[in-house]
Chemist: 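My structure is below; once you've seen it, I'll send some questions.
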Amino acid sequence: MPEGHTIHRAARKHAELLGGAAVSAESPQGRFTDGAREIDGQVLQRVDAHGKHLLYRFPDDLTLHVHLGLFGRFLTHRGAPPEPRGAIRLRLSGPDGTIDLRGPTACELMDPPEVEALLARLGPDPLRADADPERAWNRISRSTRPIGALVMDQSVLAGVGNVYRAEALLVQGIHPERPGREVTPAEFDALWGTLTRMLQDGVRAGRIITVSAEDAGMPRSRIPRGERTYVYRQSTCRRCGGPVRDWQMDGRRAWACPTCQS
DNA sequence: AAGAATGTTATGTA
DNA sequence: CTACATAACATTCT
């Protein structure tokens, strides 16, 4: 479910819903009882998103780190919290509402050195104002690894997942298997720009729609599901109409249009 | 109802 | 260092 756009969106929403007030924390399923106990009653000061990672900041350098992984999900409720349903690993409630967390890969308390270590191993996040694309370029331009692998490597670029990888590379005409060092500086700049725009669109829309209104021949809001991407999970390229190839890359499925991408 | 999926880490082999 | 493979873990949807 989540690429960077989901996480940044959640950060905003959670800060708005729970920020500035004392939060009650519980772990209905018992996976996170210790952490919940420490957070309980603390004031949520800030929620930071870095790529696919969320940091909930509490006083005294107390930081809750959450990573949704492939299956993790948030459910938010305004007003009175409903009876917990299913495996809720963490529930945070404030005066205005509640967020439930299920299925995370990570949900843990971190001290400042741990937070520092986490951030140190993340590449620049196109959704962050402080992102430095040069750091990503330094890695990419020196690597023989395929650009499709590099773009998904969170230490190269933070926040990009399988869908945006497929889509951004299609739009830029770069084949995922091309070695990083064969990507030109101009191509990288354009790729960074496209990723930034796509991720920002995702934050705005709350879902991934990479196909433009022009290419779809209709307003983007009305594009049917299954037609919102150019190559991701497509059998024909929504740009040129040609056949789309798919194969495994680092254990994930990759898609590309051999006509549009080289 | 098996299998796939917007993810990461750790480990092992070459 | 890189590539490549395998496995573990989480949950929902078809």
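So that the names make sense, note that chain A is the first sequence line, chain B the second, and so on, each numbered from 1.
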Chemist: Nearest heavy atom decides the nucleotide; on that basis, is A:R121 or A:W255 closer to the 5' end of DNA chain B?
Modeler: A:W255
Chemist: Taking A:D100 first and then A:R102, would you say they form a salt bridge - that is, a charged N and a carboxylate O separated by under 4.0 Å?
Modeler: no
Chemist: Any carboxylate oxygen within less than 4.0 angstrom of a Lys/Arg side-chain nitrogen, looking at A:R37 and A:D40?
Modeler: no
Chemist: Using a heavy-atom cut-off of under 4.0 Å over every strand shown, decide if A:P146 touches base, sugar-phosphate, or nothing.
Modeler: sugar-phosphate
Chemist: Could you tell me from which nucleotide to which nucleotide of DNA chain C, 5' to 3', there is an atom under 4.0 Å from chain A heavy atoms?
Modeler: C:dT2 to C:dC13
Chemist: Checking A:R89 against A:F32: charged group under 6.0 Å from the ring centre and within 45 degrees of the axis?
Modeler: no
Chemist: Taking any heavy-atom pair under 4.0 Å as a contact, classify A:H5: base, sugar-phosphate, or nothing.
Modeler: base
Chemist: For A:R252, answer base if it contacts any base atom (sugar-phosphate contacts may also be present), sugar-phosphate if it contacts only those atoms, and nothing otherwise; contact means non-hydrogen atoms under 4.0 Å.
Modeler: base
Chemist: Expressed in angstrom and rounded to an integer, what is the separation of A:L70 atom CG from B:dA4 atom C1'?
Modeler: 9 Å
Chemist: With side chains defined as the heavy atoms from C-beta onward, is the minimum distance between A:F74 and A:P2 less than 4.5 Å?
Modeler: no
Chemist: State whether A:E187 and A:R178 are salt-bridged, where the test is any N-O pair (Lys NZ or Arg NE/NH1/NH2 against Asp/Glu carboxylate O) under 4.0 Å.
Modeler: yes
Chemist: Less than 4.5 Å apart, any side-chain heavy atom of A:R165 and any of A:M249?
Modeler: yes
Chemist: Closest nucleotide of DNA chain C for A:G72 versus for A:D250: which of these residues is on the 5' side?
Modeler: A:D250
Chemist: Inspect the contact between A:E16 and A:R78 and indicate whether a charged nitrogen and a carboxylate oxygen are less than 4.0 angstrom apart.
Modeler: yes
Chemist: Distance check needed: B:dG7 P versus A:D125 CG, whole Å only.
Modeler: 14 Å
Chemist: In whole Å, what separates the P atom of C:dC9 from that of B:dA1?
Modeler: 24 Å
Chemist: State the CG-CG distance between A:L157 and A:L195, to the nearest 0.5 angstrom.
Modeler: 6.5 Å
Chemist: Look at the side-chain N and O atoms of A:Q154 and state whether any lies under 4.0 Å from the OP1 or OP2 oxygen of B:dT8.
Modeler: yes
Chemist: Please report the distance, rounded to the nearest Å, between CD in A:Q234 and P in B:dA5.
Modeler: 14 Å
Chemist: Rounded to whole Å, please give me the gap between NE2 in A:H53 and P in B:dG7.
Modeler: 12 Å
Chemist: How long is the line joining NE2 of A:H65 and P of B:dT8, in whole Å?
Modeler: 10 Å
Chemist: Can you list the steps and then say if A:R139 with A:S155 is a side-chain hydrogen bond (donor to acceptor under 3.5 Å, both in side chains)?
Modeler: CA-CA 9 Å; A:R139 290 283 303 275; A:S155 71; 3.2 Å; yes
Chemist: Where each residue is assigned the nucleotide of DNA chain C containing its nearest heavy atom, which of A:T105 and A:R142 is assigned the position nearer the 5′ end?
Modeler: A:R142
Chemist: Dot-bracket for DNA chain B: what is it, with Watson-Crick or G-U pairs under 3.5 Å, [ ] where a pair crosses earlier ones, and | for a pair to another strand?
Modeler: .||||.||||||||
Chemist: In whole Å, I'd like the distance from the CD1 atom of A:I7 to the P atom of B:dG7.
Modeler: 10 Å
Chemist: Run the salt-bridge test on A:D215 and A:R238 with the 4.0 Å N-O cut-off and return the result as yes or no.
Modeler: no
Chemist: Can you measure A:N162 atom CG to B:dA4 atom P for me and round it to whole angstrom units?
Modeler: 15 Å
Chemist: Base, sugar-phosphate or nothing for A:T144? Non-hydrogen atoms, less than 4.0 Å.
Modeler: sugar-phosphate
Chemist: For the pair made of CZ in A:R225 and C1' in B:dA5, what is the distance, rounded to whole Å?
Modeler: 13 Å
Chemist: Describe the nucleic acid contact of A:R165 in one word from base, sugar-phosphate, nothing, applying a heavy-atom distance below 4.0 Å.
Modeler: nothing
Chemist: Is the shortest side-chain N/O distance from A:R253 to OP1 or OP2 of B:dA4 below 4.0 Å?
Modeler: no
